[in-house]
Novice: 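Here's a structure for you.
Position 1 is the first residue of the sequence, and the numbers go up from there.
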Amino acid sequence: QVQLVESGGGLVQTGGSLRLSCASSGLTFSRYAMAWFRQAPGKERSFVAAISTSPTRTYYADFVKGRFTISRDNAKNTVYLQMNSLKPEDTAVYYCAADTWGSGTRIEGEYDYWGQGTQVTVSS
């Protein structure tokens, strides 16, 4: 049974940082592209960042470029999202997702597995 479990969310002030983690089990992690999506209240879920299988390439939504960094540790079956210079508009539930042999697509429907999400709240 595949599980993706996000952690690291919380409440932070504008300009602060958080590091999200997504620990996976039940899959051969190195074979999966991994991504982060987010869903703000009243809005649709949207792409944040993705990282492909090896050789790794990373992809970002325009609104997080230069502030967020996605990385993966295949030995720990974990993907991370380092979020710096957080803004109130970054407030959302953040989800990780896995795409078999994926290249790091921005298309939500391409992802096979999803976590339950972790709440990130940025206060002004």
Side-chain angles (χ1 to χ4, degrees):
Q1 182 180 357
V2 174
Q3 283 193 313
L4 302 177
V5 180
E6 301 96 335
S7 61
L11 174 64
V12 65
Q13 291 185 332
T14 296
S17 298
L18 284 174
R19 187 194 195 201
L20 305 184
S21 299
C22 173
S24 69
S25 60
L27 51 76
T28 305
F29 183 74
S30 61
R31 297 179 181 177
Y32 286 77
M34 302 298 295
W36 290 92
F37 288 76
R38 71 185 188 186
Q39 186 168 21
K43 296 187 177 180
E44 294 186 350
R45 191 156 57 185
S46 63
F47 172 80
V48 176
I51 186 165
S52 67
T53 55
S54 183
T56 56
R57 295 182 179 178
T58 56
Y59 306 90
Y60 296 94
D62 287 343
F63 55 80
V64 302
K65 282 182 180 178
R67 299 190 298 127
F68 292 8
T69 302
I70 188 171
S71 61
R72 65 188 299 157
D73 186 336
N74 288 347
K76 295 183 178 180
N77 295 336
T78 300
V79 63
Y80 304 96
L81 186 67
Q82 177 67 44
M83 305 187 296
N84 299 327
S85 302
L86 283 162
K87 306 174 181 179
E89 51 264 43
D90 294 319
T91 295
V93 177
Y94 284 72
Y95 299 89
C96 72
D99 175 19
T100 314
W101 292 117
S103 60
T105 179
R106 300 166 182 257
I107 302 173
E108 184 175 334
E110 294 293 315
Y111 288 85
D112 304 302
Y113 302 104
W114 292 83
Q116 293 297 311
T118 185
Q119 176 70 48
V120 171
T121 303
V122 184
S123 64
S124 57

Novice: Please report, to 0.1 Å, the donor-acceptor pairs under 3.5 Å made by any side chain of residues 12-22, with sequence neighbours excluded.
Specialist:
unit_1	atom_1	unit_2	atom_2	d
T14	OG1	S123	O	2.7
S17	OG	N84	OD1	2.9

Novice: Which pairs with one or both residues in residues 36-53 pass salt bridge (Lys or Arg N to Asp or Glu O under 4.0 Å), sequence neighbours excluded?
Specialist: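 Salt bridge (Lys or Arg N to Asp or Glu O under 4.0 Å) check on residues 36-53 returns R38-D90, R45-E108.
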
Novice: Would V64 end up clustered with F37 when hydrophobic side chains under 4.5 Å apart are linked, directly or stepwise?
Specialist: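 V64 does not cluster with F37.
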
Novice: Got a donor-acceptor contact below 3.5 angstrom from the R106 side chain to the Y60 backbone?
Specialist: yes

Novice: Run the side chain to side chain contact (heavy atoms under 4.5 Å, CB included) check on V79 and W36 step by step: do they pass?
Specialist: CA-CA 9 Å; V79 63; W36 290 92; 3.9 Å; yes

Novice: What's the spacing between I51 CD1 and D99 CG if we round to 0.5 Å?
Specialist: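 Interatomic distance, I51 CD1 to D99 CG, rounded to 0.5 Å: 13.5 Å.
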
Novice: Calculate, to the nearest 0.5 Å, the distance between atoms NZ and OG1 belonging to K65 and T58 respectively.
Specialist: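 The distance works out to 10.0 Å.
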
Novice: Which heavy atom of S103 sits nearest to which heavy atom of S52, and what is that distance?
Specialist: O-CB, 3.4 Å

Novice: Can you give me the closest heavy-atom contact between A49 and L81, atom names plus distance?
Specialist: CB-CD1, 4.2 Å

Novice: Not counting sequence neighbours, list each pair that qualifies as a salt bridge (Lys or Arg N to Asp or Glu O under 4.0 Å) and has a residue in residues 49-58.
Specialist: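 Listed once each, the pairs would be none.
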
Novice: Would a line drawn from the ring center of F47 to the ring center of Y59 be shorter than 6.0 Å?
Specialist: no

Novice: Check whether F63 and V122 end up in the same hydrophobic cluster, where Ile, Leu, Val, Met, Phe, Trp and Tyr are linked by side-chain heavy atoms less than 4.5 Å apart.
Specialist: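 Yes; V122 is reachable from F63 via cluster members.
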
Novice: Should the pair F68 and Y94 be assigned to parallel (<30°), tilted (30 to 60°) or perpendicular (>60°) ring geometry?
Specialist: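 Tilted, since the angle between the ring planes falls between 30° and 60°.
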
Novice: Nearest 0.5 Å please: distance from the CG atom of L27 over to the OG1 atom of T100.
Specialist: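 The distance works out to 8.0 Å.
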
Novice: With no hydrogens and no angle check, is any side-chain donor or acceptor of E6 less than 3.5 Å from a backbone partner on C96?
Specialist: yes

Novice: Can you get from Y95 to I70 by hopping between Ile, Leu, Val, Met, Phe, Trp and Tyr side chains that sit under 4.5 Å apart?
Specialist: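 Each belongs to a different hydrophobic cluster.
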
Novice: Would you please classify the geometry between the Y32 ring and the Y113 ring as parallel, tilted or perpendicular, with 30° and 60° separating the classes?
Specialist: tilted

Novice: Are any side-chain N or O atoms of S24 and backbone N or O atoms of N77, one a donor and one an acceptor, separated by less than 3.5 Å?
Specialist: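 It does hold such a pair.
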
Novice: Taking all heavy atoms of A33 and all of Y111, pick out the closest pair and write down the distance.
Specialist: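 Nearest heavy atoms, A33 then Y111: O-CE2, 4.2 Å.
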
Novice: OG1/T91 to CD/Q119 distance, rounded to the nearest 0.5 angstrom?
Specialist: 7.0 Å

Novice: To the nearest 0.5 Å, tell me how far M34 CE sits from S71 OG.
Specialist: 11.5 Å

Novice: For the residue pair T105 and E110, what are the closest heavy atoms and their distance?
Specialist: CG2-CB, 3.5 Å

Novice: Take T69 and Y80 through the test side chain to side chain contact (heavy atoms under 4.5 Å, CB included) and record every step on the way to the result.
Specialist: CA-CA 8 Å; T69 302; Y80 304 96; over 6 Å; no

Novice: Is it true that atom CD of Q116 has more than 12 heavy atoms of other residues, nucleotides or ligands lying nearer than 6.0 Å?
Specialist: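 Open: at most 12 neighbouring heavy atoms sit under 6.0 Å from CD of Q116.
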
